[in-house]
Amino acid sequence: MIGLRPVVFLVGLLLSALAIVMLIPALVDLRAGFSHDASVFAVSSGFTLFIAVSAVLAARAGEIEIDVRQSFVLAALGWTAAAAFGALPLAFSDLGLGPADAFFQAMAGVTTTAATVITGLDGAPPGIVLWGALLQWFGGLGAITIAIALLPAFHVGGMQIFRVNSAGGGRRALPRVAQILTGVGLIYVAFTAVCATLLWVAGMTGFEAVVHAMTTISTGGFSTSDQSIAHFRSVPVEIIVILFMILGSLPFLLCLQALRGSPRRLFRDQQVLWFLGILAATVVMMTYWRWHHGGAPPWQALRAAAFNVVSIITGTGFTTADYGTWGGVAIAAFLFLMVVGGCAGSASSGIKIFRFLVIYEAADAQIKRLIQPSGLFVAKFNERPIPDAVASAVMGFFFLFAASFALLALGLGAMGLDLLTCLSGAASAIANVGPGLGSVIGPSGSYATLPDGAKWLLSLGMLAGRLDLYTVLVLFVPAFWRG
Amino acid sequence: MFQGTCGATVIQFRPVFFVIGILLSTLAVVMVPPALADAAVGNPDWIVFATSAGLTLFIGVSLIIGNWAPRFTIDVREAFVLTTLAWLVAAGAGALPIAFSGLHLSFTDAYFEAMSGITTTGSTVIVGLDSAPPGILLWRALLQMLGGIGFIVLGVAVLPFLKVGGMQLFRMEFSDKSEKVLPRVAQIAGGIAAIYVALIALDATLLWIEGMRGFDAVCHAMTTLATGGFSTFDASIGHFHSLSIETTTTVFMLLGGMPFVLYLEFLRGKTRRLLRDSQVRGFLGLYVATVAALVLWQWLGGGESFPQALRETSFQVASIMTTTGFVTVDYQTWGGFAAVVVLYITAVGACTGATAGGIKVYRLEVLYATAKAQIRRIIQPHGLFEPHYAGKPIPEAVASSVMGFFFLFALTFAALSLGLGATGLDFLTSISGVATAMGNVGPGLGAVIGPAGNFASLPDAAKWLLTLGMLLGRLELYTVLVLLWPEFWRG
């Protein structure tokens, strides 16, 4: 049996924090004169706090120690509880969302997916908009935390190559990880502040700047307008957002080291170089396609391609154009790009660049071995040999990703959706992007019209994708709960 | 057979060309029946076939004589070159009579059609099969039959030795002291070929009894066992409106999708092996599950009667899973769920060691076992979990080459569909076209290349990309892709 006491205790702490954060939108709504919504936030906060404190008190124990299995339960339960309680103010606000809609929206928030069921954001009360952004901001921070502290330690999907070298191991490991996480958290806050300031200078209102800064650095993608970033029609805004979407997809650990005075590791990291290379190559190709075949002037083609390609690859989900109308190759390209994702150890989701690198290196070594069966070929990552266990874990992740994607798309098909909506919806949810393709959930559409069953399935997909699949899938293995 | 001599210097083309010469001579001989068929009905195409046969034979014999050697060996790299070249050349020779026949196809179209034949894909650019001369119809069926047996032999005798995509799992257990390997492999290949021909004869007889004309019965039997899917009618099997023909074809398509080595063992008295084989079980299980899901979907959701839904789906799922590509009904009207299912089973395919294409069931089983072992290892970091296939532990090298294959398949799929998109095709045509080509199935989805459609209207660039996809899919990717590595050609 798994001892769930410490898990419940920690989830209680998480929810208490959530309850406190809920007071911010309450205050904002109160100041803006939306007294009903303000009271919804206040009541939701009180209720959440009550549940949270009860959980903390009930499960309190002298010393907390959690093992591997408890950590998995904690991660999945933490995200689910945050989505469930985060959905409260959405469900009882003036928007009149049903339970499926509210949970979907909140899950999209904490998993930094930009999928939305709310239309009419432009006139929505500021509290709701801010709440979505806060959920994404904390969701992004949580994702970085588990990517640095949890996944490498538990060998999830090949992440063990990012284990923090804690000399001596054992007792020293925890303080060292905590120290790193504090540093990374500070950078995250600092990046958000810088981004907000720049956006404000570029012409956004203070509120818009803060909301967009939070959803940009977390690669979340909620906006204050139905038209997303296209609403601002501003080149400086787009450039700033592009830069910070990229920053949000770089490994934060390396950013920390760069700011501490060793920037060379950041710019020599194979993952970072490949990431930037893939971004540049894709932007160039898409620009060329838009210019030559779409008839757009080169400057406009570059502007639209750069923003939307970066937004999709990093899994942010902001849009400035309806790329669904860019033709067959663009649709296929965006479908594939959705799953690529940013670097491991960032706020971005998806398969992630390092996995492509590892598989590419492994496949290259394999092909060379076919040519010279007795030759010795070693796959390398950042100039160090990739252990066999890592290579096979990465390839296993790739297969699980494909299988989860296939099952999710199949489930969506059974809800009666069309092929493009099924495929792109599943890809977009698992990779935590947001907008799909096609007329329903495309860049200019919304998830509001989907059947409730599809929304629950997509919520599950977003959760699994955010937690690197394994973390959620292990919970469905009977052996996990035994002995 | 394959001397694994490492550090071999330059690739020896003499033995490669010698074998290609034999292949061409065989093709030339096989061109004679279509010539006779056309001559019998007085169609001038017989001259085209006779001339093509003569030309092919001339080139073939020249290659044989020019590269004759009393004794030669073929090592790994030569085997890769030979395999790829064999399929390219066979498609080239097969395209000759198609290009110069009365159908007036361009070279691109003729090569596409011949590649579709020799890879047992079944995508066609010919419109008006119903009124086409018998020679060309017979030729398309013969190409698929040859492609089918060629692929079985490749899967049994060559790929396992080249260790392509985890195929080393199917290396036959004989004492590795190579002297005896060749006769033993030749013996097995001979036995398999005999079974293949016998099954075709049986299928043709049954189809004939069920009311097909003798000619149609022979053509369909050949393309059924080859899981190819060329028909003598534009409406494919749907033309006959016959439940018994559909049932017979379903059974023989499934037979064509299972490992032929097991039939050989079945006849030798090891009857239990066939039904206990983990790949056969996985394949039949997946087939039944898919049919059940689609029957339910059609019956409850689509408002069809149960017998009708069962009849349509059992045929159509068998046709797509075994990568045959016969059609009795436009399954695109079945809705989004069915489209997703069709897209998946197009890529999955059937068993290895058969005539079917696709990723293949054993690879999915290996991937599943590996992923399961990994998940258990995460739960219990100190436990020892080994993935098993057919009761035996999967060697690390097999697991990783299967996973590498899966990744390469996805990557090639993405690259080719982007390429098709760039030629101006719509999204659905792009992705389903690539899936159907790489899986060697035949029909795609969408208005253009769907079950009721035809590949004729695609731009030439798209046809070449699809031809490449068919070749890559048929030769299990690695066999072709290794040729692109510079290391391959260096000493």
Side-chain angles (χ1 to χ4, degrees), chain A residues 68-69 72 154-157 289 293 327-333 335-336 359-360 362-364 366-375 388-389 391-400 402-403 406 409-410 412-423 437 470-471 473-474 477 479-480, chain B residues 4 6-7 76-77 80 162-164 293 297 301 335-341 343-344 367-368 370-381 396-397 399-401 403-404 406-408 410-411 414 417-431 445 478 481-482 485 487-488:
Chain A
V68 180
R69 293 187 299 162
F72 284 120
F154 298 144
H155 298 231
V156 170
W289 171 258
H293 297 267
V329 70
I331 294 182
L335 184 65
F336 299 136
I359 302 188
Y360 172 78
D364 181 64
Q366 264 176 29
I367 285 189
K368 286 182 182 154
R369 224 170 281 149
L370 288 182
I371 299 168
Q372 287 187 12
S374 47
D388 274 352
S392 72
V394 165
M395 293 197 271
F397 177 89
F398 188 74
F399 169 68
L400 273 185
L410 206 58
L412 292 178
M415 302 288 165
L417 305 180
D418 68 282
L419 182 72
L420 188 54
T421 305
C422 292
L423 294 180
L437 294 161
Y470 280 105
T471 320
L473 292 180
V474 286
V477 181
F480 182 85
Chain B
C6 67
V76 175
R77 291 188 302 161
F80 279 121
L162 298 184
K163 301 184 183 172
V164 166
W297 174 257
F337 176 68
V340 179
V341 171
L343 198 61
Y344 292 165
L367 285 169
Y368 177 74
T370 315
K372 208 170 97 179
Q374 275 173 12
I375 285 187
R376 302 205 60 170
R377 221 172 283 151
I378 289 178
I379 298 172
Q380 291 181 11
E396 180 72 37
S400 71
S401 65
M403 292 194 277
F406 187 72
F407 172 71
L408 276 181
L411 204 65
S417 33
L418 286 178
L420 280 190
T423 65
L425 300 182
D426 66 283
F427 170 75
L428 191 55
T429 306
S430 302
I431 61 163
L445 293 167
Y478 280 108
L481 291 179
V482 286
W485 255 246
E487 284 87 352
F488 184 85

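Since the model is a prediction, treat every value here as computed from it, not as a measurement. Letters A, B, ... mirror the listed sequences (proteins, then strands); counts begin at 1.
Your options are B:Val341, B:Val482, B:Ile378, and the one with the most heavy-atom pairs under 4.5 Å with chain A is B:Ile378. With chain A as the partner, the residue from B:Ala399, B:Ser417, B:Ala339 showing the most heavy-atom pairs under 4.5 Å is B:Ala339. Comparing A:Ala409, A:Ala406, A:Gly396, A:Cys422 by how many heavy-atom pairs each has under 4.5 Å with chain B, the most go to A:Ala406. Ranked by heavy-atom pairs shorter than 4.5 Å toward chain A, the options B:Gly419, B:Gly424, B:Ala414 are led by B:Ala414. Note on A:Leu410, A:Val156, A:Leu412, A:Leu400: by heavy-atom pairs under 4.5 Å with chain B, the leading option is A:Leu410.
For B:Phe407, the parts sitting under 4.5 Å from any heavy atom of chain A are the backbone and the side chain alike. Both the backbone and the side chain of A:Ala414 come within less than 4.5 Å of a heavy atom of chain B. B:Ser400 touches chain A through backbone and side chain together, each having a heavy atom under 4.5 Å away. Neither the backbone nor the side chain of B:Thr370 comes within contact range of chain A; no heavy atoms are under 4.5 Å apart. Residue contact with chain B, scored on non-hydrogen atoms closer than 4.5 Å, is absent for A:Ala362. For a residue to count as touching a neighbouring chain, one of its non-hydrogen atoms must lie under 4.5 Å from one of that chain's; by this rule B:Ala373 does not touch chain A. For B:Leu420, no part lies under 4.5 angstrom from a heavy atom of chain A. Interface residue A:Leu335: only side-chain heavy atoms are found under 4.5 Å from chain B. Proximity to chain B is limited to the side chain of A:Leu423, based on heavy atoms less than 4.5 angstrom apart. A:Val474 touches chain B through backbone and side chain together, each having a heavy atom under 4.5 Å away. Contacts of A:Ala330 with chain B are absent, with no heavy-atom separation under 4.5 Å from either backbone or side chain. Interface residue B:Ala422: backbone and side-chain heavy atoms are both found under 4.5 Å from chain A. Contact of B:Leu425 with chain A is made through the backbone alone, with heavy-atom distances under 4.5 Å.
Between B:Glu487 and A:Ile371, the closest heavy-atom pair is O-CG2, 4.2 Å. Of all non-hydrogen atoms in A:Gln366 and B:Gly404, the two that sit nearest each other are OE1-CA, 3.9 Å. Nearest heavy-atom pair across A:Val329 and B:Leu418 is CG2-O, 3.2 Å. Closest of all the heavy-atom pairs between B:Val76 and A:Leu370 is CG1-O, 3.5 Å. A:Trp289 approaches B:Gly421 most closely through the heavy-atom pair CH2-O, 3.8 Å.
Counting heavy atoms from C-beta outward, A:Leu437 and B:Phe427 have side chains that stay 4.5 Å or more apart. You'll find the side chain of A:Phe398 stays beyond 4.5 Å of the side chain of B:Met403, heavy atoms only.
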Next on the checklist: For A:Ile359 and B:Leu411: C-alpha separation, side-chain torsions, deciding distance, then whether side chain to side chain contact (heavy atoms under 4.5 Å, CB included) applies.
Outcome noted: CA-CA 11 Å; A:Ile359 302 188; B:Leu411 204 65; over 6 Å; no
Item to check | side chain to side chain contact (heavy atoms under 4.5 Å, CB included) assessment of B:Val340 paired with A:Leu419 | outcome: CA-CA 6 Å; B:Val340 179; A:Leu419 182 72; 3.5 Å; yes
Checklist entry - Could you go step by step and tell me if A:Tyr470 and B:Gln374 meet the side chain to side chain contact (heavy atoms under 4.5 Å, CB included) rule? => result CA-CA 9 Å; A:Tyr470 280 105; B:Gln374 275 173 12; 2.7 Å; yes
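Taking NE2 of A:His293 as the reference point, atom OG1 of B:Thr423 lies at 10.0 Å (rounded to 0.5 Å). Here the straight-line distance linking atom CD1 of B:Ile431 with atom CG of A:Leu420 works out to 8.0 Å at 0.5 Å rounding.
Annotation: A:Lys368, atom NZ; neighbour count of heavy atoms from other residues, nucleotides and ligands within 6.0 Å is above 12. No more than 12 heavy atoms of other residues, nucleotides or ligands shown are found within 6.0 angstrom of OH on B:Tyr368.
Take B:Lys163 and apply the salt bridge (charged side-chain N to carboxylate O under 4.0 Å, His left out) test, not counting sequence neighbours, and it matches no residue. The salt bridge (charged side-chain N to carboxylate O under 4.0 Å, His left out) test applied to A:Asp388 returns no partner, not counting sequence neighbours.
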